[in-house]
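Worksheet: the structure to be examined is printed underneath.
The basis for the numbers below is simple: all heavy atoms, side chains too, and nothing from hydrogens, waters or symmetry mates.
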Amino acid sequence: MHRGKGLKFVGDSRVLHPSSRKKKGPKDYSEYPGKTEAFWPDFLLKEWLIGSVFLVGYLILTVSHPSPLERQADPTDTAYTALPDWYFLFLYQLLKYEFASGPWNIIGAIIIPGIAFTALLLVPFLDTSKERRPFKRPLPTGFMLLAIASMIFLTWESVVNVDWEAKKAAGAIREEVAVEFDETAEGYQLYSKSSCIGCHGNAFEGGMGPTLVGTGRSAEEIYEIGVNGIATMPGGTFQGTDEELQVIAEFISTLEASE
C-alpha cells in the first residue's frame with residue numbers, strides 16, 4: 001500500500017486550530033478613538049504614573065518642610081488657641097458664626113456638614129448621564145463648584161483671622177532651664193503655696209507664663225509686676241500680703257541658671 005492511499009485524517013474538534021485561538025490582550029477600541037480605552041493595562045498604567053508623580057512630590061515636600069512642632073500640650077493654658085490642620089480649617093471657621101456656635105453648635109458641627117457631604121454623595125445617583133462635558137451636567141457641576149467655593153472661602157476667612165505671630169510665640173518650645181535653689185527657703189515656701197506656681201512651674205521653668213530664672217529684674221521690679229501685672233499677666237493675681245509678695249520677689253531676683 002502506498003503511503004496516503006486509503007487513509008482518512010479525522011480532526012479532533014476539542015483541539016482548536018492556532019488560527020482560531022483568541023489573542024491575549026486588551027480589546028480593540030480603534031472604532032471609538034478618544035472615547036474609551038482598556039482598563040488594563042492602558043488606563044491603570046496612566047493612573048499609576050500620575051499617582052507616582054504626586055507621591056514623590058509629597059515625599060520631597062515632607063522631607064524639605066517637616067511639620068512644625070510646638071511645646072507640650074498644657075490643658076491649663078487657657079490663653080493658647082488650638083487650631084485644626086489646614087484641611088479642617090473651613091469647618092473650624094463655620095463654628096465661629098452666630099448661627100452655628102453657642103447653643104446652635106450642633107448645627108455647625110453636625111447638621112450643615114452632614115447635609116453638604118450627603119448631597120455630594122447623592123450626586124452620582126441624581127445624575128446618571130454618561131455625558132462627560134461639565135456644562136452638559138449642571139447638577140453635579142453646580143454641587144462641586146459650590147462645595148469648592150465654600151471650602152476655599154471658609155478656609156481663607158479662618159487663615160486671615162488668626163494672629164499667627166502670637167500663636168507661634170505661644171506654642172514655641174521653651175528651652176529647659178535648670179536652676180538650683182533651696183526648697184526650704186521662706187521665699188520658695190510662699191511661692192509654692194501661691195497661684196504663681198500654676199503659671200511659672202514648681203521649678204520656675206515656666207509654663208503658661210515665662211520662666212522666672214535669670215530675669216535680670218530687681219526685687220522691686222518683680223514686686224511691681226506682682227501687683228500691677230505685665231503683658232498677658234493681669235494685676236492682682238497674687239493672693240497674699242504685701243510682705244509675702246516682697247519675700248517672693250527677693251527670692252526670685254536671686255535665681256540664676258545652673259552652669
Side-chain angles (χ1 to χ4, degrees), residues 21-70 80-168 171:
R21 293 179 181 175
K22 293 183 179 179
K23 295 181 180 180
K24 293 182 178 180
K27 295 181 180 180
D28 182 15
Y29 292 102
S30 57
E31 297 181 8
Y32 311 96
K35 293 294 184 180
T36 186
E37 59 183 334
F39 179 76
W40 170 266
D42 301 349
F43 178 79
L44 199 55
L45 180 60
K46 292 179 182 178
E47 291 288 304
W48 284 346
L49 290 175
I50 297 298
S52 299
V53 171
F54 275 94
L55 178 61
V56 171
Y58 180 77
L59 292 176
I60 293 174
L61 184 63
T62 303
V63 173
S64 59
H65 297 282
S67 299
L69 296 178
E70 296 187 350
Y80 179 79
T81 302
L83 289 178
D85 290 317
W86 64 268
Y87 40 83
F88 284 129
L89 281 177
F90 70 98
L91 292 174
Y92 173 78
Q93 177 64 23
L94 183 63
L95 297 176
K96 294 181 180 180
Y97 296 116
E98 185 177 355
F99 62 84
S101 60
W104 309 103
N105 193 261
I106 190 172
I107 295 178
I110 299 177
I111 297 179
I112 294 179
I115 293 174
F117 286 113
T118 301
L120 290 175
L121 290 173
L122 291 177
V123 166
F125 302 97
L126 298 176
D127 187 345
T128 58
S129 171
K130 296 182 179 180
E131 180 61 53
R132 304 180 70 174
R133 287 171 291 186
F135 60 88
K136 290 287 187 179
R137 305 184 67 182
L139 186 61
T141 302
F143 269 117
M144 290 305 299
L145 290 177
L146 179 61
I148 293 173
S150 300
M151 293 171 67
I152 292 175
F153 172 76
L154 291 174
T155 301
W156 174 257
E157 283 291 303
S158 179
V159 170
V160 299
N161 287 300
V162 173
D163 188 345
W164 294 101
E165 291 299 325
K167 186 178 184 306
K168 182 179 179 180

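- Environment of CG in L55: crowded, with over 12 heavy atoms of neighbouring residues, nucleotides or ligands closer than 6.0 Å.
- Contact between R137 and D127 at its shortest, heavy atoms only, is NH2-O, 3.2 Å.
- Within 6.0 Å of OH on Y97 lie more than 12 heavy atoms contributed by other residues, nucleotides or ligands.
- Y92 has its side chain out of reach of D85: every pair of non-hydrogen atoms, C-beta onward, lies at least 4.5 Å apart.
- Of the inter-residue distances, the one linking L146 atom CG with T141 atom OG1 reads 12.5 Å to the nearest 0.5 angstrom.
- Considering L83, L89, L154 in turn, L89 is the only one that fulfils the side chain to side chain contact (heavy atoms under 4.5 Å, CB included) rule with V159.
- W104 CH2 to I112 CD1: the interatomic distance, rounded to the nearest 0.5 Å, is 11.5 Å.
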**Q.** Pair V53-L49, side chain to side chain contact (heavy atoms under 4.5 Å, CB included): steps then yes or no
**A.** CA-CA 6 Å; V53 171; L49 290 175; 5.8 Å; no

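- Residue A100 comes nearest to G108 through the heavy atom pair CB-CA, 3.4 Å, listed as atom of the first residue, atom of the second, then distance.
- Counting non-hydrogen atoms of other residues, nucleotides and ligands closer than 6.0 Å to CZ of F135 gives a total above 12.
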Q.
Checking N105 against L95 for the side chain to side chain contact (heavy atoms under 4.5 Å, CB included) test, could you report, in this order, the C-alpha distance in whole Å, the side-chain angles of both residues, the deciding distance, and whether it holds?
A. CA-CA 7 Å; N105 193 261; L95 297 176; 4.1 Å; yes

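- F125 CZ: 12 or fewer foreign heavy atoms inside a 6.0 Å radius.
- Atom OG1 in T155 sits 11.0 Å away from atom CG in L94 (nearest 0.5 Å).
- Contact of the P84 side chain with the L91 side chain is not registered, since no non-hydrogen atoms from C-beta on lie closer than 4.5 Å.
- The backbone N or O of Q93 sits nowhere less than 3.5 Å from a side-chain atom of S158 that would complete a donor-acceptor pair.
- Here CH2 of W156 is found 10.5 Å from CG of N161. Values are rounded to the nearest 0.5 Å.
- Pairing each heavy atom of T118 with each of G114, the nearest pair is OG1-O, 2.6 Å.
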